[in-house]
Amino acid sequence: MSDDDDLYAVVRTEFEPVRLRADLDDITARGRTLRRRRNAGVAASLAVVAAVASVAVTVSTGAKTDRPAPMNLAAWSVEPSPDGSVVLTIRQLTDAGRLNAALRAVGVPALVEFERVPADAKLVGCAENDQPALPELNSVMPIGAAQYRGGEHVFPIRRDRMPAGTTLHFVLFEERSDRGVPTISVRTGLVKGTPLPCEPLWRSGK
Amino acid sequence: MEHRRADFAAFYESARDDCLRAVTASLGSRQAAEEVVAEAFARAWARWPRVADHPSPRAWVVRTALNMHISWWRRWRGEVLTPDRYDQPDQDDPDAATLDPRMMAALRSLPLRQRQVVALRIFLDLDSKTTARTLGIAAGTVTAHLARATSALRAHLTSVTEEE
């Protein structure tokens with residue numbers, strides 16, 4: 001191959017048969033549904049944001065200590081490390097509100113959401129919104145640092161690398177296999193201000 | 001309204017395949033890509049006046065599709081395609097067999113970010129600045145990723161050709 005353009009042409013040619021099969025009417029019908037749901041969801045989103053703010057106020061007015069204590073529950077734990085990082089361990093998806101408060105108490109502004117995925121969901125994830133995702137996420141939660149071991153999902157968080165005014169957003173999805181075995185997947189983000197709550201894809205026009 | 005729909009229809013017709021190709025190359029799965037790209041186009045229509053004003057509506061669709069795809073953490077549970085699954089044509093997909101698994105293997109050999117950068121360059125012909133804005137990284141990083149990805153792809157594909 002003589003140059004980059006030749007290489008790119010080879011790749012383009014190889015992908016030539018790949019064509020999107022959805023027709024325009026299907027796309028616009030889905031778009032209309034999304035628009036309706038988005039309008040209807042604004043009020044609900046505001047209510048959730050208010051609830052999160054309420055938790056934050058409750059925590060911030062609570063007892064303050066120089067060194068936050070670890071918090072361990074059967075479902076999850078939040079443990080500050082001597083190096084300034086925080087280790088979040090999740091075993092079960094319960095009590096997200098309390099987990100939000102626990103993270104904030106150790107200096108990690110976060111919104112944690114738990115979602116149970118219906119068996120008939122075609123896609124798992126959150127719908128796109130207009131809130132920009134910050135690339136500093138990869139510094140706050142380095143790729144490869146997280147682990148899965150013995151039923152625990154372990155997330156080291158470098159709170160010292162979080163830019164001022166930012167908030168981590170965790171959305172944990174629990175799916176169950178045909179045999180009822182739960183599996184957890186995670187979507188993470190770092191945003192300026194308060195994260196917009198996740199709008200699960202299976203509720204957003206599917 | 002009719003004018004708006006016609007505008008979107010023209011955009012959809014011109015961009016649908018290239019967006020799907022870019023996302024397929026990024027994700028390594030045509031089936032997963034088709035689902036999220038269709039959804040991304042639906043979202044584009046839901047907010048078309050705004051997307052139409054975007055510097056690159058096609059980049060908006062691809063970015064939306066990539067964002068909708070579950071994050072890299074999902075690979076823990078094997079939901080994100082693993083190398084073994086990458087090369088296996090989907091039996092229900094009539095187009096799957098037409099993609100040379102060696103090409104997919106070459107793309108798969110790239111780190112995710114390099115794959116995204118090269119896919120945006122090849123299929124959307126985005127410049128470094130727009131690619132950087134689309135992926136939320138610095139323009140200089142795009143240049144570096146593209147150079148490495150191109151070099152790695154060339155080496156991979158050349159070695160495959162020589163083996164034949």
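Chain A is the first sequence line, chain B the second, and so forth, proteins listed ahead of strands; every chain is numbered from 1. For the numbers below, each heavy atom of this structure counts, side chains included, while hydrogens, waters and symmetry mates do not.
Contacts between B/Tyr12 and chain A at a heavy-atom distance below 4.5 Å involve the side chain alone, from C-beta outward. Within the 4.5 angstrom heavy-atom criterion, atoms from both the backbone and the side chain of B/Ile122 approach chain A.
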Problem set entry | From CA spacing to verdict: salt bridge (charged side-chain N to carboxylate O under 4.0 Å, His left out), A/Glu115, A/Arg203 | CA-CA 11 Å; A/Glu115 294 286 351; A/Arg203 286 188 216 136; 2.8 Å; yes
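Taking chain B as the reference chain and counting heavy-atom pairs below 4.5 Å, the highest number among A/Leu134, A/Leu24, A/Val171 is found for A/Leu24.
Note that B/Arg47 lies outside the cation-pi zone of B/Trp60, set by a 6.0 Å cut-off to the ring centre and a 45° limit from the axis.
Between B/Asp127 and B/Lys129 there is no salt bridge, since no side-chain nitrogen of the basic residue lies less than 4.0 Å from a carboxylate oxygen of the acidic one.
The closest donor-acceptor contact from the side chain of B/Arg21 to the backbone of A/Arg19 lies at 3.5 Å or more, if one exists at all.
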